[in-house]
Number of protein chains: 2
Amino acid sequence: MPTSTSKRDHIIHSALNLFAERGFDATTIPMIANDANVGAGTIYRYFANKEVLVNTLFQHYVTLFTHTLEEDYPKEDSIRNQFHHLFKGMVRFTNDHEHALYFIKTHNAAYFLDDTSRENFNHLLMILQNFLDEGKEEKQIRDLPSKALIAIIFGGFLELFKLIRAGDIESSEELLAGVEESCWDAVRHHS
Amino acid sequence: MPTSTSKRDHIIHSALNLFAERGFDATTIPMIANDANVGAGTIYRYFANKEVLVNTLFQHYVTLFTHTLEEDYPKEDSIRNQFHHLFKGMVRFTNDHEHALYFIKTHNAAYFLDDTSRENFNHLLMILQNFLDEGKEEKQIRDLPSKALIAIIFGGFLELFKLIRAGDIESSEELLAGVEESCWDAVRHHS
DNA sequence: ATAAAAGGAATGAATATTCATTCCGGTTAT
DNA sequence: ATAACCGGAATGAATATTCATTCCTTTTAT
């Protein structure tokens, strides 16, 4: 098995967890190296510096999440079903990459993000915004700024997963369904 | 003439803005001193160290926010009106202290908070939780974990104010009313 | 004139980054 | 088949940089 690939993956994985838990500035390179079981210098064989590392990470997971949402998107279906598709995507992505969404959420406005990272993140926002805008035209979605609606969806969803990770509550189908309903009610147009 | 009190206030004000914008770890003491127009050493005349500063700040604004919510709380009124009171409190507090709620939100789980800070924050959560629990008993509030519901309310609200601050959207009575409705629909029991 | 307050350069600890060296797998020569 | 040889990957100690904190001088107030 190719060591180089798996080492890079270890570094990425450790960096993601630490950045998500402590934030970029509170995470040191030796911490990452230690967690990934590599020498500190090894990190610099794969990433030019700490900022390149965090940007690579950010772009990687934003792109992955974007693909998850875009895959099999039910363009012709009802708004409600499109919403369900997006919500399901969030759940699936979070199950596959425990800390990734939280990392994205807490770092998406950070001072160290480069242009590519910002572009990637904007593209992700656009997917959600297009969905909401279309829904607003059809009078299915509440007439509020899309960004505020997006914040409500992510706020509720991520808080849920924080609690599950912390062991405060247990994940279950009903719970997920309940949060989906709550987010949908926050966002949908009420007559 | 700048009295000692006003210097302390300048430091607090600058620290709040910088912590809210860049986070605790990315904010240096010289940055704060510079923004507050004082020497770096002067900060240490008022605060023993950086952690004491951030804890003082945190406790100050959490307490202030708590008082804002508790003041004239309509204990005997309907759940919906209690919700309105809380929401109004958030708006008022944010108008008085632009960055304070965002600072609280982004730092409430930080590793450097001391016991008093945590206690103060818990007390704040308790107010919201008691409200939600009572609402659940009356079947007025959705049966979901209170922390998730709190996250939804704060997520939407704070994102709104981020956008207003950034100049992306303009504040207005309708907008605020719309966000309040959205949060309420997310949280209330639907039959 | 004296004391308190303020300032900001100096200090030292912590941290990012570099680099001389080791290690390891594959290749070549005998 | 074995052993000497290569090249690049990995390492972590050494170095450079950043930043919280201190300390001593200057300023302000009484």
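All values reported here derive from a predicted model rather than from experimental measurement.
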(message) If I take atom NZ in residue K50(B) and atom C1' in nucleotide dA14(C), what distance separates them, rounded to the nearest angstrom?
(response) 12 Å
(message) On DNA chain C, does the nearest nucleotide to A48(A) precede the nearest nucleotide to M31(A) from the 5' side, or the other way round? Give the residue.
(response) M31(A)
(message) The criterion is salt bridge (Lys or Arg N to Asp or Glu O under 4.0 Å); which residues satisfy it with D96(A), sequence neighbours excluded?
(response) none
(message) Can you give me the closest heavy-atom contact between L175(A) and P145(B), atom names plus distance?
(response) CD1-CD, 3.6 Å
(message) Over 60° means perpendicular and under 30° means parallel, so tell me whether F87(A) and F157(A) are parallel, tilted or perpendicular.
(response) perpendicular
(request) Scan residues 34-43 of chain B against DNA chain C and write down, sorted by residue number, each residue with any heavy atom closer than 4.0 Å; if none is found, say none. (result) N37(B), V38(B), G39(B), A40(B), G41(B), T42(B)
(message) What is the separation between atom CG on D25(B) and atom P on dT18(D), rounded to the nearest whole Å?
(response) 17 Å
(message) If the cut-off is 4.0 Å, is K7(B) near the phosphate of dG7(C), judged by side-chain N/O to OP1 or OP2?
(response) yes
(request) Would you mind checking if E181(B) and R188(A) are paired as a salt bridge, meaning a charged N to carboxylate O distance below 4.0 Å? (result) no
(message) Can a donor-acceptor pair be found, under 3.5 Å and without considering hydrogens, that links the side chain of S182(A) to the backbone of G178(A)?
(response) no
(request) Write down the distance between OH (Y46(B)) and C1' (dA4(C)), rounded to a whole number of angstrom. (result) 11 Å
(request) Round to a whole Å and report the spacing from CZ of F47(A) to P of dT17(C). (result) 13 Å
(message) Can you see if the side chain of Y44(A) gets near the phosphate of dA10(D) - specifically, an N or O under 4.0 Å from OP1 or OP2?
(response) no
(request) Give me the one residue out of H13(A), H67(A), H97(A) that meets ring pair (Phe, Tyr, Trp, His ring centres under 6.0 Å) with Y61(A). (result) H97(A)
(request) Can you label the angle between the F24(A) ring and the Y111(A) ring as parallel, tilted or perpendicular, going by 30° and 60°? (result) perpendicular
(request) Compare the minimum distances between each of dT15(C), dT21(D), dT17(C) and the side chain of T28(A), then state the nucleotide with the smallest one. (result) dT15(C)
(message) Can you measure I32(A) atom CD1 to dG12(D) atom P for me and round it to whole angstrom units?
(response) 16 Å
(message) Heavy atoms within less than 4.0 Å of DNA chain C: which residues of residues 11-22 of chain A have one? Give them sorted by number.
(response) none
(request) Rounded off to whole Å, could you give me the CZ-to-P distance for the F112(A) and dA16(C) pair? (result) 13 Å
(message) In this structure, how many angstroms lie between the C1' atom of dA4(C) and the CZ atom of R45(B), rounded?
(response) 7 Å
(message) Just the rounded figure in Å: distance from P of dA20(D) to CZ of F24(B).
(response) 8 Å
(request) Assign the ring pair F103(B) / F19(B) to parallel, tilted or perpendicular, where the plane angle (0 to 90°) is split at 30° and 60°. (result) parallel
(message) Which label fits F154(A) and F65(A): parallel for a plane angle under 30°, tilted from 30 to 60°, or perpendicular past 60°?
(response) perpendicular
